[in-house]
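Computed from a predicted structure; not experimentally measured.
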Amino acid sequence: MAPLYVPTKRRLAADDPFFDLGNAEANICYFEKHLVRALPDIVARRSHMMAIVDGLLEDAGRLQHPITCHDPPCCGSTHYPSALAYEQHYDQVHRHSCAACRAVFPGAHWLDLHIQEVHDAFFSARVARGDKLFQCFLPACPRTFSRPLKRRLHMVDKHRFARSFNWSLVRTGLRPAFRLPGRRLPSGTQ
């Protein structure tokens, strides 16, 4: 897979607009530090410099290029106006997603439970033998159960989960629409 970003060196002239914001800040610091006697003049220059800085920040906001998400399942189809928007998207869609079926989960514990219960053949064989392998949904709770129904009753009774909770979350994830085409979850799920 080709890297998404390759750093390259760029030579910029001293008067390049890239340095305007830094030059303005340096001028402000210089005026505040060395020209204390001419305070009224400094105040006027500072307000002028701050106006320049504000204008440069507005220009930077308009010139910023959108960020494209190249991770599956997006594959270049979604664009984000800022790094913050892209980070939020990545946390929601890609941070805890299953590599096999592309289901997305709310946390690492949910993803671990999903991989174990849905994609692990050894787990299925041990459950068929009657071993207690279905872990509680809460990471701090050490209880394990022989069937998902017993786990569900435990969650409602001991941890006060709502009876209307999405109990298939471990199997389907938050957004089953992000699954790869042609990949299906085991029978009994969407």
Any idea which heavy atoms bring [X] and [Y] closest together, and the distance?
X      : Y      : answer
Cys98  : His114 : SG-NE2, 3.5 Å
Leu169 : Pro106 : CD2-CG, 4.1 Å
Ser146 : Val127 : O-CG1, 4.4 Å
His154 : Cys136 : NE2-SG, 3.6 Å
Leu133 : Phe123 : CB-CE1, 3.2 Å
Cys101 : His119 : SG-NE2, 3.6 Å

Residue pair Phe137, Trp167: steps toward the side-chain contact (heavy atoms from CB on, under 4.5 Å) verdict: CA-CA 10 Å; Phe137 287 164; Trp167 300 105; 3.7 Å; yes
Pair Ser97-Phe105, side-chain contact (heavy atoms from CB on, under 4.5 Å): steps then yes or no: CA-CA 6 Å; Ser97 63; Phe105 297 92; over 6 Å; no
Residue pairs involving residues 125-149 (criterion salt bridge (charged side-chain N to carboxylate O under 4.0 Å, His left out); sequence neighbours excluded): Arg126-Asp131, Arg129-Asp131
Under-4.0 Å salt bridge between Arg95 and Glu87: no
hydrophobic_cluster_shared for Phe134 and Phe165, side chain cutoff 4.5 Å: no
Co-membership, hydrophobic cluster, residues Leu113 and Val156, 4.5 Å side-chain: yes
Mutual orientation of the aromatic rings belonging to Phe161 and His159 [parallel < 30°, tilted 30-60°, perpendicular > 60°]: perpendicular
Cys141 and Gln135: CA distance, side-chain angles, deciding distance, side-chain contact (heavy atoms from CB on, under 4.5 Å) verdict: CA-CA 8 Å; Cys141 182; Gln135 297 175 13; over 6 Å; no
Interatomic spacing from CG in Asp157 to CZ in Arg152 - rounded to 0.5 Å: 11.5 Å
Separation of Leu153 CG from Met155 CE (nearest 0.5 Å): 11.5 Å
For Phe19, side-chain contact (heavy atoms from CB on, under 4.5 Å) partners two or more places apart: Leu12, Asp16, Asn23
